[in-house]
Visitor: 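Dropping a structure here in structure tokens format, bear with me for questions.
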Amino acid sequence: MVESMFATENTIFSAALILRQGGIVAFPTETVYGLGASIQKPQAVARVFEVKRRPRFDPLIVHIARAKDLHLVAWSNDLAKRLADVFWPGPLTLVLLKKEPVPDIVTAGLPTVAVRVPDNDIALRLIDLAGYPVAAPSANLFGCISPTTASHVEENMGRAVDIILDGGPCRIGLESTILAIDREDQPTLLRHGGIPVQEIEKIIGPVAVTKSRDTVVRAPGMLPRHYAPRTPILLLKGTQLMPIEMDRRIGLLALTRPEKNFGYRTVEVLSQAGDLREASANLFAAMHRLDATGLDLIHCQPVPESGIGTAIMDRLRRAAFSGHGKQFDSLSNRKGEQNK
Ligand code: AMP
Ligand code: MG
């Protein structure tokens, strides 16, 4: 079992050496903790897929230390340059035509590569010292909740990685926004994330959003059920709560504190003030805690779908996906449960 090490110049240096030698490193970014391998070491990249039990068809995001290194891995264009100027370092991933040095295993054989510059000094120093771009998905088992602290990584995959750098809780707490720019310079949003699409549209004008039907083709990893705790989740249709039967072990994930408890065993509040940025930073840690409480069910209240709220709702819907992809309103859901 690898215990995390507080990130210092020395431990970051050791981690970079591990990357150079073909090892794998868990490290903090502003979005979630990543599990990185140098793209110069395809076998290390293969180990990342194995350790995460991630299907090989699901391509990884390549992390670079500065926008001017983009040319190492991808063909840039005017839109990409304008977006990089504004949003890098930051939670925006650009999907562009790939260049030769990126091995096929990183892109799952696609002719494109996903790239970003993380906004975290530890990550930037690590990539810089590694001397080569770093491919890094989130440092959790495939389909599980993403890690936003070093201890989440320890619990989820502490046996399988070479080193875990602890840089404290992630500032954004949600994965990056992914935007593909095709040969005709057409931008398409592939995943909602840390940067709201409206912010992107302010810079480059209208952005097409992939419909869920073709997302699987355009962004192979975007499976409907993802980011999910082991405990079943119901996404309530509205924010109104109803009393629940006391013999059911149900937890609540709420944006703000409800005016009373309604019989929930435990309540996780994402932001006292109802601030969506604070809520996104707390979301995955709250899900981890609820999942560790031994509940039968977790009820999630929806949050307003504006700004980063769109990305929060995207993650809640994926976590709640039951095979029917339904949302339940609090009343009918409770009746349904009673009928079981
Ligand atoms: P993550 O799991 O957060 O590392 O994000 C990786 C996701 O980025 C994948 O699951 C894909 O949805 C998307 N992605 C990565 N590379 C590409 C690519 N070349 N084309 C389209 N989507 C990509
Ligand atoms: Mg992930």
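These numbers were taken from a predicted model, which means no experiment stands behind them. Numbering of ligands and ligand atoms starts at 1, following listing order.
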Visitor: Of all the atoms in ligand 1, which lie at a distance below 4.0 Å from a heavy atom belonging to Ile178?
Guide: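 That gives atoms 7 (C), 8 (O), 13 (C) of ligand 1.
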Visitor: Are any of the heavy atoms in Ile61 under 4.0 Å away from ligand 1?
Guide: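 Per 4.0 Å heavy-atom rule, Ile61 contacts ligand 1.
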Visitor: Should the pair Arg66-Asp69 be classified as a salt bridge under the 4.0 Å nitrogen-to-oxygen rule?
Guide: yes
Visitor: Below 4.0 angstrom from a heavy atom of Leu110, which ligand 1 atoms are there? Numbered from 1 as shown, please.
Guide: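 With Leu110 as reference, the close atoms of ligand 1 come out as 18 (C), 19 (N), 20 (N).
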Visitor: Contact between Lys99 and Trp75 at the side-chain level, heavy atoms closer than 4.5 Å - yes or no?
Guide: yes
Visitor: Determine, using heavy atoms of Arg54 and all atoms of ligand 1, whether some pair is separated by less than 4.0 Å.
Guide: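 Per 4.0 Å heavy-atom rule, Arg54 contacts ligand 1.
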Visitor: Test of understanding: with salt bridge (charged side-chain N to carboxylate O under 4.0 Å, His left out), list the residues that count as partners of Asp85, not counting sequence neighbours.
Guide: none
Visitor: Considering distance alone, does some N or O of Glu175 sit under 3.5 Å from an N or O of ligand 1?
Guide: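 No, there is no polar N/O contact under 3.5 Å.
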Visitor: For the pair Arg171 and Asp119, find out whether any cationic side-chain nitrogen is under 4.0 Å from an anionic carboxylate oxygen.
Guide: yes
Visitor: As a check for students: among Arg191, His63, Arg116, identify the option with a heavy atom nearest to atom 5 (O) of ligand 1.
Guide: Arg191
Visitor: List every atom of ligand 1 that sits less than 4.0 Å from any heavy atom of Leu190, numbering the atoms from 1 in the order shown and giving each element.
Guide: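 It comes down to these atoms of ligand 1: 21 (C), 22 (N).
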Visitor: Can you check side chain to side chain contact (heavy atoms under 4.5 Å, CB included) on Val115 and Ile64, steps first, answer last?
Guide: CA-CA 7 Å; Val115 195; Ile64 52 177; 3.7 Å; yes
Visitor: Any heavy-atom pair between the side chains of Leu255 and Leu276 that's under 4.5 Å?
Guide: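 Leu276 reaches Leu255 side chain to side chain.
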Visitor: Show me which atoms of ligand 1 lie under 4.0 Å from any heavy atom of Thr112.
Guide: 18 (C), 19 (N), 20 (N)
Visitor: For Val95, take its heavy atoms, then give the atoms of ligand 1 lying under 4.0 Å from any of them.
Guide: 18 (C), 19 (N), 20 (N)
Visitor: Is Val102 reachable from Leu70 through a run of hydrophobic residues whose side-chain heavy atoms are each under 4.5 Å from the next?
Guide: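 Linked, Leu70 and Val102 end up in one cluster.
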Visitor: Can you sort out which atoms of ligand 1 are near Pro137, meaning under 4.0 Å from one of its heavy atoms?
Guide: 4 (O)
Visitor: Got a sec: is Asn140 within less than 2.8 Å of the Mg ion (ligand 2) via an N/O/S atom?
Guide: no
Visitor: Hey, do the aromatic rings of Tyr33 and His152 have their centres closer than 6.0 Å?
Guide: no
